[in-house]
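Heads up, the thing below is written out as structure tokens.
Counting starts at 1 for both ligands and their atoms, following the listed order.
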Amino acid sequence: MIKAMNGLFVTFEGIDGAGKSTHIDSLAHAFREQGRVVTLTREPGGTPLAEQLRQMVLNDPMDAMTEVLLVFAARRDHIQRVIQPALARGEVLLCDRFTDASFAYQGAGRGFDRDILGVLEGWVQGGVLQPDLTIWFDLPATVAAQRLSGARAPDKFESQPLAFFERVAGGYAQRMASDPARFARINANQDAASVWSEVDRAVRSKGMVS
Ligand code: TYD
């Protein structure tokens with residue numbers, strides 16, 4: 001597996017309700033305006049097989065280890081079929097969640113062993129593939145819970161208690177502390193326009209859009 005030299009790999013993270021979606025679309029638009037070819041994708045998912053695994057992970061009860069094995073199986077298929085080929089073609093690959101979500105949700109949220117997650121990360125990502133930039137939408141769990149209440153029927157994760165999301169948020173903070181250069185932390189506890197201006201500033205400061 002080769003490192004993403006030509007393409008640009010950007011991931012988006014945050015607890016459920018942090019409000020990533022509209023900004024991912026806006027960023028895709030900004031890159032396209034610069035003449036870049038953009039692939040928009042998500043995890044778990046992004047391939048027919050991985051989308052089937054997503055349905056199971058999001059809906060079926062299972063223990064944390066099964067969850068881990070399924071999200072990394074989905075990730076492997078996604079990397080092989082979508083992520084690596086797009087990066088090799090020099091495209092911009094925008095991915096709604098990636099391995100940081102496994103550390104945050106399965107690791108911090110569900111208490112699964114982080115060393116094992118680290119082994120799987122190295123294994124599935126060939127020891128080299130990492131996002132060029134991870135945009136972390138940081139929002140207090142209490143605010144996210146208010147935003148989610150009244151939204152569509154919650155999936156298995158969205159129906160977790162507040163304490164779970166507090167742990168997940170802590171998991172993201174730890175991941176950022178372990179690799180600060182890769183992360184841009186966005187204060188997601190603001191109106192959408194202010195959040196977008198932080199996202200826009202993050203990609204500009206990295207020289208990704210001019
Ligand atoms: P999400 O990305 O929030 O999609 P939607 O906007 O459609 O709800 O949902 C994906 C869920 O999967 C989210 O709750 C986090 C969870 N997840 C994990 O638990 N581990 C992982 O490795 C990944 C990628 C996601």
With a 3.5 Å cut-off and sequence neighbours excluded, list the donor-acceptor pairs that the side chains of residues 19-27 form with protein atoms.
| residue | atom | partner | partner atom | Å |
| --- | --- | --- | --- | --- |
| Lys20 | NZ | Asp96 | OD1 | 2.5 |
| Ser26 | OG | Thr22 | O | 3.0 |

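- Applying the salt bridge (Lys or Arg N to Asp or Glu O under 4.0 Å) test to every pair with at least one member in residues 29-39, sequence neighbours left out, gives no pairs at all.
- More than 12 heavy atoms of other residues, nucleotides or ligands sit less than 6.0 Å from atom CE of Met62.
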Atom pairs, nitrogen or oxygen, ligand 1 to protein, under 3.5 angstrom:
| residue | atom | partner | partner atom | Å |
| --- | --- | --- | --- | --- |
| ligand 1 | 2 (O) | Arg97 | NE | 2.7 |
| ligand 1 | 3 (O) | Asp16 | OD1 | 3.3 |
| ligand 1 | 3 (O) | Arg97 | NH2 | 3.3 |
| ligand 1 | 4 (O) | Arg54 | NH2 | 3.1 |
| ligand 1 | 7 (O) | Arg54 | NH2 | 3.2 |
| ligand 1 | 8 (O) | Arg152 | NH2 | 3.0 |
| ligand 1 | 8 (O) | Glu158 | OE2 | 3.1 |
| ligand 1 | 14 (O) | Asp16 | OD1 | 3.1 |
| ligand 1 | 14 (O) | Asp16 | OD2 | 3.0 |
| ligand 1 | 19 (O) | Gln106 | OE1 | 3.4 |
| ligand 1 | 19 (O) | Gln106 | NE2 | 2.9 |
| ligand 1 | 20 (N) | Gln106 | OE1 | 2.8 |
| ligand 1 | 22 (O) | Arg75 | NH2 | 3.2 |
| ligand 1 | 22 (O) | Ser102 | N | 3.3 |
| ligand 1 | 22 (O) | Ser102 | OG | 2.6 |

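- In this structure the side chain of Glu51 reaches within 4.5 angstrom of the side chain of Arg42, judged on heavy atoms.
- The salt bridge (Lys or Arg N to Asp or Glu O under 4.0 Å) search around Arg175 returns Asp100, Glu121, not counting sequence neighbours.
- Taking a 6.0 Å sphere around CZ of Arg185, one finds it holds more than 12 heavy atoms contributed by other residues, nucleotides or ligands.
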